Each structure stands twice: as structure tokens, then as C-alpha cells.
*Asks:* 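Below you will find the structure I want to go over with you.
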There are 2 protein chains.
Amino acid sequence: MYDVARVAGVSQSTVSRALSSHSISALVDEDTRQRVFDAVKQLNYRPNRTARSLRSQQTDLIAVLIADISNSFYHPIVRTVQDVADVHGYDVLIANSDHSYNKEKHFCESILRRPVDGIIMIPYHLSDDEIDQLITLTGAQIVVLGDHIHHPLVDYVWVDDEQATYEGIIWLNEARGHQRIGFIGVPESMPPGPRRWHGYKRAMEDLGLPIEQDLVSFNGDFSLESGQRVLGEILSSTKPPFAVFACNDLTAIGASAQAKKMGYTIPQDIAILGFDDIREAALVTPSLTTIAQRPKEIGEKLTELLFDRIENRVTGPARQVQVEYEIVIRESA
Amino acid sequence: MYDVARVAGVSQSTVSRALSSHSISALVDEDTRQRVFDAVKQLNYRPNRTARSLRSQQTDLIAVLIADISNSFYHPIVRTVQDVADVHGYDVLIANSDHSYNKEKHFCESILRRPVDGIIMIPYHLSDDEIDQLITLTGAQIVVLGDHIHHPLVDYVWVDDEQATYEGIIWLNEARGHQRIGFIGVPESMPPGPRRWHGYKRAMEDLGLPIEQDLVSFNGDFSLESGQRVLGEILSSTKPPFAVFACNDLTAIGASAQAKKMGYTIPQDIAILGFDDIREAALVTPSLTTIAQRPKEIGEKLTELLFDRIENRVTGPARQVQVEYEIVIRESA
DNA sequence: TTGTATGCGTTATCAT
DNA sequence: ATGATAACGCATACAA
């Protein structure tokens with residue numbers, strides 16, 4: 001910057017002013033600005049973001065915490081975040097939580113050392129208090145996907161997956177005639193799991209259907225492998241025909257593969273309903289009937305909410321944005 | 001740091017020394033170090049990485065440039081990079097090039113503004129000169145996947161996909177008896193494309209088989225959609241039976257879907273051979289016969305090479321690491 | 001409108 | 001072994 005200043009025949013602070021985009025015009029003479037720009041070009045000068053960050057306490061960096069980069073559900077979300085962030089001149093840090101509370105805490109530690117301007121978390125196990133601490137300690141804006149948070153400054157995007165699951169189960173009964181409907185879930189500590197479980201339970205109650213213990217499991221972990229394993233466990237204690245709702249598509253696809261491997265026909269012997277509508281859902285055979293989320297829209301909303309706050313367009317209380325879902329009927333149920 | 005110094009009853013510079021990990025022991029008295037650590041704990045102090053970066057010219061940040069986060073081929077690679085980087089205390093920036101030269105240049109621009117300690121590029125279109133410039137301008141270490149670079153300081157990991165493709169084509173003929181073998185490729189500007197094309201051509205020559213123009217296309221772009229489109233184009237100008245090699249699995253899966261949609265049977269009417277062995281390859285029906293790469297190993301090697309240099313264990317001339325491939329025989333060919 | 005001077009939180013050089 | 005002190009490259013309060 002000093003070099004630029006020398007070439008342009010001005011002081012370093014004038015260069016700084018000329019280059020700082022937010023203080024548009026007014027602060028520096030048009031003629032001076034031009035000289036500075038010429039010098040910048042001539043010297044091929046680039047501002048150093050590290051120095052700028054140190055001084056301005058702003059990093060032009062956002063972090064995205066997802067469960068796992070290899071779960072396709074997150075791709076359209078992350079990709080949208082990356083693209084929008086890029087337009088705003090921001091870079092994107094991506095970390096995986098593997099649905100683990102410990103890794104989320106680890107993530108917070110990282111963020112404490114390398115402050116970012118904004119954080120997007122999907123999903124998250126942190127308590128309101130922990131989120132609050134993260135905010136006050138780092139000064140970052142936070143937006144999340146999910147509705148189990150109530151912090152005055154944390155905007156969230158949410159999908160009513162309790163109701164979505166409810167409707168899915170009702171549909172399995174009313175449209176497909178299933179009486180025996182199972183549930184492949186995850187431990188209570190994995191956020192969207194319990195909500196979907198409640199939707200299932202409510203639906204079964206409203207339908208007057210018994211919940212068969214043999215058809216219910218919380219041993220999944222959102223992975224394809226866990227779907228295979230859990231369906232195997234179920235089949236070792238009870239026999240088809242039945243239908244089963246899997247907490248996400250990866251699990252559903254695993255369950256489907258396992259059922260096929262054990263010689264059962266889908267959906268005749270075992271009907272399977274998933275959740276998410278990831279790309280693979282349409283690719284597998286039989287293709288997966290599932291409750292579709294709209295990840296691109298989710299990504300857009302999250303990023304919008306975040307930049308609204310990062311760029312100070314919004315300072316008021318937490319906002320909520322709901323994104324729709326829909327049942328996509330394919331072959332597995 | 002000043003607060004810590006006050007509590008520990010030492011000077012700020014002593015705190016710095018006590019905390020700087022590379023200057024192990026020796027520099028500061030064990031007793032003093034302990035007092036500092038206690039103070040750090042008591043005050044819940046965290047070093048500020050931005051300030052550290054400004055001073056040390058080291059960012060503890062690496063960037064990974066991939067084509068597209070939604071292509072599963074990259075997931076195990078990226079995930080490995082993230083995990084290893086985390087162990088080293090590094091954060092990972094991820095950017096998408098969409099196989100576009102312009103976006104790669106854009107990426108370089110970003111990196112120029114926000115220096116990183118290391119860069120992993122897969123794939124890349126940049127010329128040796130451009131890479132060289134990136135290195136001298138940013139001081140970053142660079143490692144790449146692919147062998148079309150010759151820079152004295154850029155280590156690379158490579159898979160002999162020319163030979164892999166060659167063997168794949170030979171296999172289609174010798175093991176499966178195909179005489180008519182097509183090629184779904186990409187424009188010459190997309191790095192691994194040409195290498196695979198050469199492997200195909202060499203195999204066809206060695207087999208004494210004619211290359212039918214109607215069965216060859218460079219209109220793909222590594223996407224699923226392009227596979228559908230290109231196979232449609234091929235089918236509009238010639239009729240099965242034939243076999244076709246697709247430049248990557250996504251394209252192969254698209255082609256497979258299109259063939260099925262148009263009423264053809266795989267592999268009887270149209271046999272399909274892919275490249276990569278992404279997770280979906282085993283999931284689709286018919287499951288995809290493909291040339292498997294070892295993405296996890298690729299990720300490990302890339303990260304190893306990179307940190308060897310970042311952490312100054314290696315300073316010599318560029319190293320090359322070759323990773324194996326193998327044909328995975330499933331149902332599509 | 002421009003320049004001077006200061007400090008953001010570290011690391012590193014130099015004395016002591 | 002420790003403590004002053006000077007950068008690192010920039011943004012900004014204040015003075016001119």
C-alpha cells in the first residue's frame with residue numbers, strides 16, 4: 001500500500017480510503033481515486049485480507065458446519081452457500097460434525113481461534129447457551145437449519161418434518177393400505193430424528209395402529225450402512241409384509257439394498273419410505289418414494305438470512321423462514 | 001495476551017514464547033510455562049489466528065479446488081483432506097471450478113487476496129506458467145491430481161488413466177466380445193478427458209477395430225445430464241447393439257438411464273463402462289461396471305505431499321506418486 | 001479532501 | 001530465560 005501511495009503521489013491512508021468500497025466516493029477526490037487505481041493496476045497490488053481482518057475485526061469468511069460432506073443432501077445447500085458467498089466476496093470454510101456433539105464442540109473451538117463473520121449450522125446439537133456463548137465470544141452471526149433453538153439473534157430456516165413424517169405415515173396407510181408400519185430412526189441425540197419420530201408416533205395414534213416394537217429401531221445413524229444393518233435386525237425378529245419409514249434417504253437406500261439381498265421384493269414384501277429426496281433416490285432400483293425437502297431453497301434462505309445480518313441490513317430479533325416439503329411417489333412404496 | 005501476561009506475572013513476549021509450539025521447551029523456564037498455562041486456562045484465552053497470520057505470514061489454511069462438490073468422486077478425497085488438515089490444526093477452504101478455466105482463474109484471484117499455506121487442485125486447467133505465478137505471488141505450496149504439469153516445486157498424484165482406459169476397452173473386446181465400441185467424452189479443454197480419449201484410441205488401433213464416428217462424442221461435461229443427452233444423440237444416428245465407454249461414472253449413469261428410458265436393455269443392447277467407481281455406481285440398476293480409482297488413497301497422498309512441504313519436511317524437487325486403478329465388473333458391461 | 005499517527009494481536013529481534 | 005521494542009499491512013480518529 002505504501003508503494004501504491006508513492007506511485008500515486010498520495011499518502012497510504014488515502015490509498016486505503018480510495019480502495020475501501022463501503023466508503024463510496026465523497027471521502028476521496030475522483031481525480032485522486034483514479035491515480036490510486038492506476039497505481040494499483042501498475043503495481044498489480046492486492047490488499048492483504050489478513051491485515052484487513054486484524055484491523056477491521058472482519059474476516060470475510062463464513063463457516064458451514066454440516067454432518068458429512070458425502071451425504072448428498074447437503075450438496076445443493078453447500079453449493080448455494082458457496083456461490084452466494086463468492087458473489088459477496090466471502091470464502092467458505094466447511095467442517096463435518098458427523099452428527100457428533102463432540103465434533104461440534106471441536107468446531108466451536110476452531111471458530112474461537114479463527115473468527116468468522118458468519119456460521120451456518122445444519123444440523124446442530126448445541127444448546128441455546130452454547131450458541132449464545134459462541135456468539136458473544138466470536139461476534140459471528142449464526143443461522144441454522146432446524147427449529148430447536150430459541151436465541152434472540154439466531155435466524156433459522158425450518159422444515160416441518162414432524163408434520164411431513166406424519167403425512168407420510170398417513171399416506172402409507174391410506175393410499176397404500178399398510179397396517180404394519182415400522183420406523184428406522186436414530187438415537188435421540190441426533191436432532192432431526194426425534195421430530196420425525198414424533199410425527200410417526202402421532203400418525204400411528206391417529207390411525208389407531210399399534211406400534212410394533214420389532215418394527216421400530218433407533219440404531220440408525222443416517223448412514224447407508226446403518227440402513228442395511230437395522231433392516232437386517234428387524235428381519236431377524238419379524239417377517240414381512242410391512243412398510244417402514246426410514247429417517248433419511250441414505251438409510252432408506254441401505255434398507256432397500258438389504259431387503260433385496262435377503263430375497264424380499266419391494267414394495268410388495270417391504271415398502272420403504274425415505275426422507276430428503278437426495279439425488280440417489282431417483283437412481284436406485286426400485287426408485288425411492290420419499291419426502292422431498294428443497295435443499296437449494298434451504299441454502300438460499302440460509303445464506304440470505306446470514307448476509308442480511310453480516311451486512312447489517314437486519315439487526316432486529318430472530319427471524320424464521322419455513323420451507324415446504326412434499327411426498328415424491330416412486331416405486332419403493 | 002497482555003492479560004495473560006499480567007495474571008502470570010510475566011511479559012507479553014514471554015507468553016508468546018510459552019505458547020508457540022514449535023519452539024519446544026528450552027526457550028522458557030518450565031515453571032514460567034506452567035504459570036502461563038494456568039493463566040491461559042483461567043482467562044480462557046485463545047490466540048488470535050488473524051494476528052498470528054499477519055505476523056508470521058502463515059495462515060494455517062489450505063484451499064482445495066475441485067470441479068464440483070456434488071460429484072461424489074471428490075467426497076472421499078475432500079473428506080480425507082479435511083480430516084488430516086484438522087489434525088494439523090489447519091482449516092480447509094473449498095472452491096468449485098465446474099471444470100471451467102475461468103473459475104480457476106477466479107479462484108487464483110481469491111487466493112491472491114487471501115493467501116493460504118497450501119493448495120490442492122483436482123483437476124486443473126492452469127498452465128505451468130500460471131501455476132508458477134500463483135506460487136511466487138502467494139508463496140503457497142501446491143499439489144495437484146493429474147500429470148499434465150511440470151513445475152519443479154509442484155508435487156503431483158496421478159493415476160494412469162490413459163492406460164486404465166486402454167485396458168478397459170481391451171477388456172470390452174476380449175472378455176465381452178464387443179466390436180463396436182463408442183466413446184462419450186468431453187471437450188479437449190477438460191483435463192482428464194483427452195488422456196482417456198488417447199487410451200481409447202490406442203486400444204481401438206491395437207484391436208484393429210474401426211472408430212465409428214457415430215459412436216464417438218465430445219459433447220459430455222462429466223455431468224449426469226450430459227450422459228443422458230449424448231447417448232440420446234448417439235442413438236439418433238446409429239442403432240444398437242454396441243458398447244460405450246463414458247469418461248466418468250456420472251456420465252455413464254446418465255447414459256444408462258437414457259438407454260433404459262428408450263427401451264434398450266443393458267448390457268445386451270448397450271453395454272456401458274464407466275470411470276471412477278463413485279458410490280452411485282454400485283447403487284444403480286443395472287449396477288455399473290467401471291474403472292475404479294482409489295479416492296481415499298488419492299486424498300491421503302495429496303495431503304501427505306502437501307504437509308510435507310508446508311511443514312518443511314521436504315524442500316527438494318517435485319515428487320510424483322502413482323495410485324492404482326482396477327476394473328470393477330458389475331452388470332452394465 | 002488529505003495527511004499523520006495510532007493500534008488491531010501477534011511473532012521475532014535484540015538486549016539484558 | 002526474560003523483557004523491551006519493532007514490525008506485519010491495513011483502517012480510522014484526528015488534525016490540517
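What you see is a predicted model, and the numbers here were worked out from it, not measured in a lab. Here is the naming used below: chain letters follow the sequence lines, and residue numbers restart at 1 for every chain.
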*Asks:* Could you give the CD-to-P distance, from B:Q58 to C:dA12, as a whole number of Å?
*Replies:* 9 Å
*Asks:* Answer with yes or no whether B:R17 presents, from its side chain, a donor or acceptor under 3.5 Å of a partner atom in the base of D:dG3.
*Replies:* yes
*Asks:* Rounding to a whole Å, what distance do you find between A:Q34:CD and C:dT1:P?
*Replies:* 16 Å
*Asks:* In this structure, how many angstroms lie between the C1' atom of D:dA4 and the CE atom of B:M1, rounded?
*Replies:* 14 Å
*Asks:* By nearest atom, which of the nucleotides C:dT10, D:dT2, C:dT2 is closest to the A:V28 side chain?
*Replies:* C:dT2
*Asks:* Rounded to whole Å, how long is the line connecting atom CG of A:D3 with atom C1' of D:dC10?
*Replies:* 14 Å
*Asks:* Could you check how far CZ of B:R33 sits from P of D:dT2, rounded to whole Å?
*Replies:* 10 Å
*Asks:* Respond yes when some side-chain nitrogen or oxygen of B:R52 is under 4.0 Å from OP1 or OP2 of C:dT11, and no when none is.
*Replies:* yes
*Asks:* Can you tell me the distance, in whole Å, between the CZ atom of A:R6 and the P atom of C:dG3?
*Replies:* 15 Å
*Asks:* Decide whether A:N96 and B:Q82 meet the rule of one side-chain donor and one side-chain acceptor closer than 3.5 Å.
*Replies:* yes
*Asks:* I want to confirm an ordering. Mapping B:T14 and A:A51 to their closest nucleotides on DNA chain D, which one lands closer to the 5' end?
*Replies:* B:T14
*Asks:* B:H148 and B:Y124: aromatic ring centres closer than 6.0 Å?
*Replies:* yes
*Asks:* If you only use heavy atoms from C-beta on, which nucleotide in C:dT1, D:dC8, D:dG3 is closest to the side chain of A:T32?
*Replies:* C:dT1
*Asks:* Is a donor-acceptor contact shorter than 3.5 angstrom present between the side chain of B:R55 and the base of C:dT11?
*Replies:* yes
*Asks:* In whole Å, I'd like the distance from the CG atom of A:L54 to the C1' atom of C:dT11.
*Replies:* 12 Å
*Asks:* Just N and O in the side chain of A:Y2: are any of them under 4.0 Å from OP1 or OP2 of D:dC8?
*Replies:* no
*Asks:* Salt-bridge test for B:K41 and B:D38: reply yes if a basic N is under 4.0 Å from a carboxylate O, no otherwise.
*Replies:* no
*Asks:* Among side-chain atoms of A:D117 and A:Y90, is any donor-acceptor pair under 3.5 angstrom?
*Replies:* yes
*Asks:* Within the 4.0 Å heavy-atom criterion, would you say A:R46 contacts the bases, only the backbone, or no part of the nucleic acid?
*Replies:* sugar-phosphate
*Asks:* Take atom CG of B:N48 and atom P of D:dC8, then tell me their distance rounded to the nearest Å.
*Replies:* 18 Å
*Asks:* Could one point to a donor on the side chain of A:S13 or the base of C:dT4 with an acceptor on the other under 3.5 Å away?
*Replies:* yes
*Asks:* May I ask you to check whether A:E130 and A:H125 show a side-chain donor-acceptor distance below 3.5 Å?
*Replies:* no
*Asks:* Do the side chain of B:S11 and the base of D:dA4 come within less than 3.5 angstrom through a donor-acceptor pair of N or O atoms?
*Replies:* no
*Asks:* B:Q12 has a side chain; which of D:dC10, D:dT5, D:dA1 sits nearest to it?
*Replies:* D:dT5
*Asks:* Out of D:dC10, C:dG9, D:dG3, which nucleotide sits closest to the side chain of A:Q57?
*Replies:* C:dG9
